[in-house]
2 protein chains.
Amino acid sequence: MDQLRETLKGHHLRTTTCREDVLSTFISKKNALSHGDLEGALGENYDRVTIYRTLKTFLEKGIIHKVLDDEGLRYALCSHNCSEEQHQHDHIHFKCNECGETNCLENLHIPPVQLPLGYQPQNFNLLIQGTCPKCN
Amino acid sequence: MDQLRETLKGHHLRTTTCREDVLSTFISKKNALSHGDLEGALGENYDRVTIYRTLKTFLEKGIIHKVLDDEGLRYALCSHNCSEEQHQHDHIHFKCNECGETNCLENLHIPPVQLPLGYQPQNFNLLIQGTCPKCN
DNA sequence: AAATATCTTGCAACACAGTTGCAAAAAAGG
DNA sequence: CCTTTTTTGCAACTGTGTTGCAAGATATTT
């Protein structure tokens, strides 16, 4: 796939098979992935450390972003074009307690919150847990 | 302090010095604490493992709840009375990027979000990152 | 197409976070 | 104060994430 190379080049990264494979895994599975998920999928081909470093690089370059929940750290593709300079992530993540999948709800915004005086917000991150349509 | 014993008994827990100390640390420092924070404060008196187990017990009994941010797991007191059966945590956490402290914004509610069809929400968790009044 | 500079990978080793089993010690209740 | 039940400390272990370094791969220049 040439689109993978394009995406990597667009973020000023050399194309390597590991980066292509990690990126393509994020694209094919659409939900948020942990390092462990990726190691499970690609661990026979690449070293643990390389996958960690790939994730770190992708984070820095704005290809993926962190997704938090109560049982660990995951990563998901940035939908709106992020770059090294600017990340825009005021979106909502939904974690299903049945199947355990976490997904970004792309088209929703976090409603405005009236903060007490003196608080300067920069970033909003809403995690909703419950049951997803597939498990409902 | 007898209030500590009362709180523990109210959640069906035996009073031990470790539990009293952990609870009183949560009460005196008002912000969210990590295991490491508690180990730093009490580690000379109690074993690492004991602190882990105390946190786990407090979680189960509804004395504290998890607080997530992009660099790890923290815990904070439940303000509204939680029990083993029911936790109610639709509140907002604010993490200051300057001082690193995370606090619960007690009196705020998360505004309602219109979810797509099929999503059954059970729990809302909003993390706002920015600058807090002290660092502003 | 080969040579160079630069970046990426794998390996080993390490630091830190969290868990489990078990025997000894402490709490609650009679 | 004796018994039951829970909690603690210790040792050992698993899992997660990082760092240094030499070897390999990528991009670039000629």
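Because only heavy atoms are used, hydrogens play no part in the values below, and waters and symmetry mates are left out as well, while side chains stay in. Because the structure is a prediction, the values reported are computed rather than measured. Chain naming here is simple, since letters A, B, ... match the order of the sequence lines and numbering starts at 1 in each.
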Tabulate below the donor-acceptor pairs under 3.5 Å that side-chain atoms of residues 21-28 of chain A make, not counting sequence neighbours, or state none.
residue, atom, partner, partner atom, Å
A/Asp21, OD2, A/Tyr46, OH, 2.7
A/Thr25, OG1, A/Asp21, O, 2.7
A/Ser28, OG, A/Ser24, O, 3.2
A/Ser28, OG, A/Thr25, O, 3.3

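Each of B/Lys61, B/Gln3, B/Glu20 was compared with B/Leu8 under the side chain to side chain contact (heavy atoms under 4.5 Å, CB included) criterion, and only B/Glu20 meets it. Put simply, the residue from B/Lys29, B/Arg74, B/Lys134 that forms a salt bridge (charged side-chain N to carboxylate O under 4.0 Å, His left out) with B/Glu101 is B/Lys134.
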Passes side chain to side chain contact (heavy atoms under 4.5 Å, CB included), A/Tyr75 versus A/Phe58? Steps please. CA-CA 10 Å; A/Tyr75 304 89; A/Phe58 280 12; over 6 Å; no

Taking it one step at a time, do B/Arg14 and B/Lys9 satisfy side chain to side chain contact (heavy atoms under 4.5 Å, CB included)? CA-CA 7 Å; B/Arg14 291 192 178 177; B/Lys9 290 224 167 163; over 6 Å; no

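Heavy-atom contacts from other residues, nucleotides or ligands closer than 6.0 Å to CD of B/Gln122 number more than 12. When the shell of 6.0 Å around CD of A/Gln114 is examined, it contains 12 or fewer heavy atoms from other residues, nucleotides or ligands.
Helix bend of the helix from C/dA1-D/dT30 to C/dG30-D/dC1: the angle between its two end axes, each built from five pairs, comes to 30° after rounding to 10°.
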Are there any protein N/O atoms within less than 3.5 Å of an N/O atom in nucleotides 24-27 of chain D, and if so, which ones and at what distance?
residue, atom, partner, partner atom, Å
D/dT26, O2, A/Arg14, NH1, 2.6
D/dT26, O2, A/Arg14, NH2, 3.4
D/dA27, OP1, A/Thr15, N, 3.4
D/dA27, OP1, A/Thr15, OG1, 3.1

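Atom CG of B/Leu126 sits about 5.0 Å away from atom CD1 of B/Ile92, to the nearest 0.5 Å. Here SG of B/Cys99 is found 8.0 Å from CG of B/Asn103. Values are rounded to the nearest 0.5 Å.
Between the CG atom of A/Leu68 and the C1' atom of D/dT16 there is a distance of 16 Å, rounded to whole Å. Note: CG (B/Leu59) to P (C/dT19) measures 10 Å, nearest angstrom. The distance between atom CD of A/Glu71 and atom C1' of D/dT16, rounded to the nearest whole Å, is 15 Å. Atom NE2 in B/His11 sits about 15 Å away from atom P in D/dT7, given to the nearest Å. The distance from atom CG of B/Leu8 to atom C1' of D/dT7 is 13 Å, rounded to the nearest whole Å. Nucleotide D/dT6 holds its C1' atom 15 Å from the NE2 atom of B/His12, rounded to whole Å.
The pair A/Glu71-A/Lys95 counts as a salt bridge, with a side-chain nitrogen and a carboxylate oxygen less than 4.0 angstrom apart.
Under the 30°/60° scheme for interplanar angles, the aromatic rings of A/Tyr119 and B/Phe94 are found to stand perpendicular.
Taken residue by residue, residues 47-57 of chain B places heavy atoms nearer than 4.0 Å to DNA chain D at B/Asp47, B/Val49, B/Thr50, B/Arg53. Contacts between residues 37-45 of chain A and DNA chain D, defined by a heavy-atom separation under 4.0 Å, are absent.
Remark on DNA chain C: of its neighbouring residues A/Cys18 and B/Leu73, the 5'-side contact belongs to A/Cys18, judged by nearest-heavy-atom nucleotide.
Checked against side chain to side chain contact (heavy atoms under 4.5 Å, CB included), A/Glu6 has no partners two or more places apart in sequence or in another chain.
In this structure, B/Asn136 contributes its side chain and A/Gly118 its backbone to a donor-acceptor pair below 3.5 Å.
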